**Student:** 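Here it is, the structure in full.
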Number of protein chains: 2
Amino acid sequence: MTELATTGTDLPRLRELNSLSIVRALRDHPPSTVTELSQRTGLSRPAVDVIAQGLVNDGWATVLEPGANSAVGRPARRYQFRAGAGHVLGVDVGVHKILALLADLDGNIVQTVRQTVAAEAEPAERLAELDNVINACVAGAGKAPSDIWAITVAVTGAVDAQGRTIFFTPLPGWKSVNLVAHLGVRFGCPIVVENDCKLAALAERWKGVASDADDIVYLLAGMRNGAGLIIDGVLRRGFGGAAGEIGALKHVRWLNAPAHLQNCPGVPETVSPDDAAAWVFNAAREGDRAARGAVHRYVKDLAVGAAALVLTLDPQVVVFGGGFSRSADLVLDPLRHELQRLCLRMPDVRASTLGADSVALGALKLSLNEVDDRLFRAGLSAPVAPRRQ
Amino acid sequence: MTELATTGTDLPRLRELNSLSIVRALRDHPPSTVTELSQRTGLSRPAVDVIAQGLVNDGWATVLEPGANSAVGRPARRYQFRAGAGHVLGVDVGVHKILALLADLDGNIVQTVRQTVAAEAEPAERLAELDNVINACVAGAGKAPSDIWAITVAVTGAVDAQGRTIFFTPLPGWKSVNLVAHLGVRFGCPIVVENDCKLAALAERWKGVASDADDIVYLLAGMRNGAGLIIDGVLRRGFGGAAGEIGALKHVRWLNAPAHLQNCPGVPETVSPDDAAAWVFNAAREGDRAARGAVHRYVKDLAVGAAALVLTLDPQVVVFGGGFSRSADLVLDPLRHELQRLCLRMPDVRASTLGADSVALGALKLSLNEVDDRLFRAGLSAPVAPRRQ
DNA sequence: CCAAATATGCTTTGATCTTTACAAAATCGT
DNA sequence: ACGATTTTGTAAAGATCAAAGCATATTTGG
């Protein structure tokens, strides 16, 4: 079952295993005494003691010498996971903006850099901006590229295992871009490129409205509809990275859905196409009949695709996210009503609360997961940035 | 990551872990020498020796004393997993038949009992037949109920976590049946009730055409269409057990698809509705224009639902199974053609080869998985039937 | 100031795996 | 047929690690 069961385990490996369990315990509940760790891991106090000291020696943990202590008895040393031992990047390369987040190993965000980009920017220009944003983010936190342990970049459109954008993307000329190769020149750490919807789903489970669920359908609703799927607590990419692309099926009217908003009669000439949807939502909120009809038709079409996903996966939660989630007050109830009509078992339908940063936040989380995977797979030697492959 | 990393591991647990790894190694490649096991597990030869002898003592393994030996050197004792230490049942409760398979812990089928049932049989009658079949199967192999370590029963229609049939089933009155409670009177082992499509998918990955794939969409094609999903090598039930029920969405024309066959013009009056599809497939094979048209329309509608599943999950393989898989020669190529048109990334499309037993076979596999899960989770004490909960 | 409570450090004990060594059993070459 | 070679079985020694127990240190509360 576990990979440990397939291969024999000797004493050093046992020690490593127990060290890892202490690391986990340290990360879950910060500053802990040896006794607390002993209780949480089930290991004996002396065992925890030597392991904790080993972790301090290796640089994985720091000691808080006893100071003011409210409890009775001799004050205990407290051990703390050294979250600052490494940092990870999460970057969202969108059509209009690039957003980079830098966080420590506990996921605390220490630097945020945002930069607008022209929607029609060619790859070379967009990559240059990406480099600027990443440089500013890393340097702004006083870090060097070698301090970065993992990078995840979110892009629009399905992505294959090598990080190449396939099938479709609204970014001009983007299919020829190899982001891993581009960033790999300056960063030796693992670099992952992933679809924005999938990452937003991850964020929603990490810090959003779906943190209690293991089976999640995330809808990225905007001028383009997308979906991210979390099944049994794990983000699913599909065999070729194209999971969730239900919008490609014409019988499911996802492509048309936003058009109902854009083509709504009554939108003033002065409103740009990009802002038409927001105008329609506002008008609907104020009671405009045409706008309400457009929103109604939008939700009806959106629900068909959502129902296809829900019927396929039977999730616990459907999260309504993306740009349109600001108008969730208008969408959520009719969406629930339509899903009730179309689905067998009705899932929870919730509106995203993370806003525009959710994609970058999900990228950050995937970077953290990448670090964790390597840590718990390869074992903890010394806290230095892992190398690709 | 692994559950072992969360909780501390002490010496006895280490021994148990290594014992389990030996059990796995034994099961993967039968009769093995200590040296072979040592190489496969990475453990030292003496360690493997004491563990193997311990397994023999506990009843998990048997020794084959050295006999004729072609290799040079002193002939080695060979250890063998005692597959006969326990047995599991896989039962398919269909509309027209009940089929029970009994297998040892290696999955070798030792008893098969099949019994036809009237389609309109009431629950009481069907349950009585089920009891008869199971009794005959267990007794026929010379076993007692206490020798059975796990039972899985396949039924048509979605099933919740408690094994209750929900939403829909063609079995009359079946929604009121609690199979776990019914069988629990005579069997103390774990009893699982699962949807037939899902189990057939499992069988196809175990012994069928999809044994190389981890991401599989299985289509159970017959007078009713169903689907079973395997994602990352694990059968997915969905949060409420209703995963794969894409047929409920009207925009996806799964409900109508078989009707094209049943309502095909030219079917003789003498052919019963149940056999109409087979007649149409045969006629199409012989060049009948109306029949070919009906098959064409059938495939077109089938493909829409399949495409919804494929676009959602992006599987490696789509398996065309169920009763109509006998006519795969007529369906496979047009199905591929339609999917190519509708999908982004084209999966492998393969026809099932397991035939009518695939559902019971999948039930057997789920029973084996259940036993394995308990074994590798709870550890190996003595080889006796596990208790429910 | 003293007893109770709690935390730490150290030692002993027991369990486990690995390494090393050697005898036993079979085959191969002469 | 007989010794060399190879492989297995087993025993002893060494190393690593966790558990248990005990002495010591430090704070709290009276």
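Computed from a prediction, not measured in an experiment: that's the story for all the values here. Naming convention: chains lettered A, B, ... in sequence-line order (proteins, then strands); numbering from 1 in each chain.
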**Student:** Would you mind reading off the distance between B:Arg15 atom CZ and C:dG14 atom C1', rounded to a whole angstrom?
**Tutor:** 13 Å
**Student:** Give a yes/no answer on whether the side chain of A:Asn18 brings an N or O atom under 4.0 Å of OP1 or OP2 in D:dA18.
**Tutor:** yes
**Student:** Can a donor-acceptor pair be found between the side chains of A:Gln53 and A:Asp49 at a distance below 3.5 Å?
**Tutor:** yes
**Student:** Side chain of B:Pro75 only, please: which of C:dT8, C:dA25, C:dT18 is the nearest?
**Tutor:** C:dA25
**Student:** Just checking B:Pro46: base, sugar-phosphate only, or nothing, at a heavy-atom cut-off of under 4.0 Å?
**Tutor:** base
**Student:** Classify the nucleic acid contact of A:Arg45 as base, sugar-phosphate or nothing, counting any heavy atom under 4.0 Å across all strands shown.
**Tutor:** base
**Student:** What is the distance, to the nearest angstrom, from the CG atom on B:Asp49 to the P atom on D:dA12?
**Tutor:** 14 Å
**Student:** Quick test of your reading of the model: are A:Asp214 and A:Arg205 salt-bridged, counting only N-O distances below 4.0 Å?
**Tutor:** yes
**Student:** Just to be sure I understand the rule, does A:Thr33 reach a base, reach only the sugar-phosphate, or reach nothing, if contact means heavy atoms closer than 4.0 Å?
**Tutor:** nothing
**Student:** Closest nucleotide of DNA chain C for A:Tyr79 versus for A:Leu11: which of these residues is on the 5' side?
**Tutor:** A:Tyr79
**Student:** Nearest-Å distance, CD (B:Glu16) to P (C:dA15)?
**Tutor:** 16 Å
**Student:** Give B:Gln53 one of three labels, base, sugar-phosphate or nothing, depending on what nucleic acid heavy atoms sit under 4.0 Å from its own.
**Tutor:** sugar-phosphate
**Student:** Classify the side-chain pair A:Thr41/A:Ser21 by whether it contains a donor and acceptor separated by less than 3.5 Å.
**Tutor:** no
**Student:** Using atom CG of A:Leu17 as one end and atom P of D:dA18 as the other, report the distance to the nearest whole Å.
**Tutor:** 10 Å
**Student:** Taking OP1 and OP2 of D:dT8, is either one under 4.0 Å from a side-chain nitrogen or oxygen of B:Thr35?
**Tutor:** yes
**Student:** OP1 or OP2 of C:dA26 versus the side-chain N and O atoms of B:Arg77: is any pair under 4.0 Å?
**Tutor:** no
**Student:** Which whole-number value in Å describes the distance from A:Leu14 CG to D:dA18 C1'?
**Tutor:** 8 Å
**Student:** Can you tell me if A:Asn18 uses its side chain to pair, donor with acceptor, with the backbone of B:Thr9 under 3.5 Å?
**Tutor:** yes
**Student:** Would B:Arg24 and B:Phe376 count as a cation-pi pair here, with the cationic atom under 6.0 angstrom from the ring centre and within 45° of the axis?
**Tutor:** yes
**Student:** Does a side-chain N or O from A:Arg13 land closer than 4.0 Å to OP1 or OP2 of C:dT16, or not?
**Tutor:** no
**Student:** Could you give the CD-to-P distance, from A:Glu36 to C:dA7, as a whole number of Å?
**Tutor:** 8 Å
